[in-house]
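If you scroll down you'll find the structure; I have some questions about it.
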Amino acid sequence: RVVIASITVNASPDGLSIQLPDVDAIAAGGAVVQVTGFDGTIVRSASLGRVTLEVSRGAQAAAQRGQVFFETVTVEQVQLRVHAAPLVWRGDTLGVLLVARPLGPTELVLGGLQIVLIGVGGIVLIVCAILAWVVARGALRPIDDLAREAGSIGADQDFNRRLSDHVSESAAEVGRLATTFNAMLD
């Protein structure tokens, strides 16, 4: 909107002339700017050189409807994300303002972010697996103790021996199982 507001359009008997304030200032940060009038007039930033951004049918149709349009195009083997906006003067749409940025730097950052997220996700997965193992091991330790002592009583055929107090006083369910086991031996 700021770019469109700063464009000067002059009407003369020969037609309209379109002047951009300072296209290269607008095009800072790797962006390129081009205004394409419906009469074929092209004004572009110096960073474009002799290259012309083609106005697609979709961009042209959207501009004629007064709408903005986004698309990805390839110009001289460089992918660009193009924002096309209508250039309106006194209620008439005169052309299309194209502002394009190369996708390479954005894709590079996103690729790095993807690697970081995969690495962090892997580390989090490993930490969660270790924590789950520790918690499960702690929760199952009383059952393991009960099974070991009951196995020892059965192997020794010493049915006068009872499960130790530390097993019967452990977690509620395991404690009840140990008490029931001792009662069974009585």
Side-chain angles (χ1 to χ4, degrees), residues 1-4 26-33 45 47-48 51 53-63 65-86 96-186:
R1 293 180 191 265
V2 172
V3 172
I4 292 174
I26 297 168
V32 293
V33 177
S45 59
S47 57
L48 265 172
V51 175
L53 297 174
E54 295 295 323
V55 180
S56 69
R57 288 184 181 153
Q60 192 168 14
R65 290 189 309 267
Q67 299 173 335
V68 297
F69 188 78
F70 290 93
E71 63 184 331
T72 302
V73 299
T74 302
V75 176
E76 294 188 354
Q77 299 178 351
V78 175
Q79 274 197 314
L80 300 171
R81 184 67 175 162
V82 179
H83 173 236
V96 182
L97 171 68
L98 302 171
V99 179
R101 290 188 62 92
L103 286 177
T106 303
E107 289 179 346
L108 186 63
V109 169
L110 290 176
L113 183 60
Q114 181 181 20
I115 290 169
V116 168
L117 288 175
I118 289 171
V120 168
I123 291 169
V124 167
L125 186 64
I126 290 169
V127 168
C128 286
I130 291 170
L131 286 174
W133 180 80
V134 167
V135 168
R137 186 78 181 133
L140 295 176
R141 181 168 287 123
I143 295 173
D144 191 36
D145 292 345
L146 177 91
R148 193 175 323 104
E149 283 197 43
S152 174
I153 290 172
D156 295 344
Q157 298 288 313
D158 184 6
F159 300 115
N160 293 324
R161 196 170 108 207
R162 301 292 175 256
L163 294 176
S164 62
D165 291 338
H166 85 277
V167 172
S168 60
E169 293 173 357
S170 60
E173 292 82 5
V174 177
R176 285 197 328 255
L177 180 60
T179 302
T180 303
F181 187 78
N182 284 339
M184 181 183 72
L185 290 175
D186 287 336

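If you're wondering where the values come from, they're calculated on a predicted model, not measured in any experiment.
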* Asked: How close do Pro86 and Ala63 get, heavy atom to heavy atom, and via which atoms?
  -> CB-O, 3.4 Å
* Structure fact -> Those residues at least two apart in sequence (or on a different chain) that pass side chain to side chain donor-acceptor pair (under 3.5 Å) with Thr106 are none
* Structure fact -> In terms of heavy-atom contacts, Phe69 and Ser56 come closest through CE2-OG, 3.9 Å
* To do: Apply side chain to side chain contact (heavy atoms under 4.5 Å, CB included) to Ile153 and Phe181, showing your working.
  => CA-CA 11 Å; Ile153 290 172; Phe181 187 78; 4.2 Å; yes
* Does Leu53 have any side-chain contact (heavy atoms from CB on, under 4.5 Å) partners at least two apart in sequence or in another chain, and if so, which? -> Val32, Gln34, Leu48, Val75, Leu80, Leu98, Ala100
* Who passes side-chain contact (heavy atoms from CB on, under 4.5 Å) against Glu107, sequence neighbours left out? -> Gln79, Leu103
* To do: Return the minimal non-hydrogen interatomic distance between Pro142 and Ala139, and the atom names on each side.
  => CD-O, 3.5 Å
* To do: Measure across Thr74 and Gln77 and return the closest heavy-atom pair with its distance rounded to 0.1 Å.
  => CG2-CA, 3.8 Å
* Structure fact -> For Arg148, the salt bridge (Lys or Arg N to Asp or Glu O under 4.0 Å) test, sequence neighbours excluded, returns Asp144, Asp145
* Asked: Roughly how far, to the nearest 0.5 Å, is the CD1 atom of Ile115 from the CG atom of Leu110?
  -> 11.5 Å
* **Nearest-0.5 Å distance that lies between atom CG in Leu108 and atom CG in Leu113** => 11.5 Å
* To do: Please answer whether the main-chain N or O of Gly154 pairs with a side-chain N or O of Gln157 as donor and acceptor at a distance below 3.5 Å.
  => yes
* Partner residues of Asp156 under the side-chain contact (heavy atoms from CB on, under 4.5 Å) criterion, sequence neighbours left out -> Ser152, Asp158, Arg161
* Asked: Of all residues at least two apart in sequence or in a different chain, which pass the side-chain contact (heavy atoms from CB on, under 4.5 Å) check with Gln67?
  -> Ala62, Arg65
* To do: Just jot down the salt bridge (Lys or Arg N to Asp or Glu O under 4.0 Å) partners of Arg81, sequence neighbours excluded, or say none.
  => none
* Straight-line distance of Leu146 CG to Glu149 CD, nearest 0.5 Å -> 7.5 Å
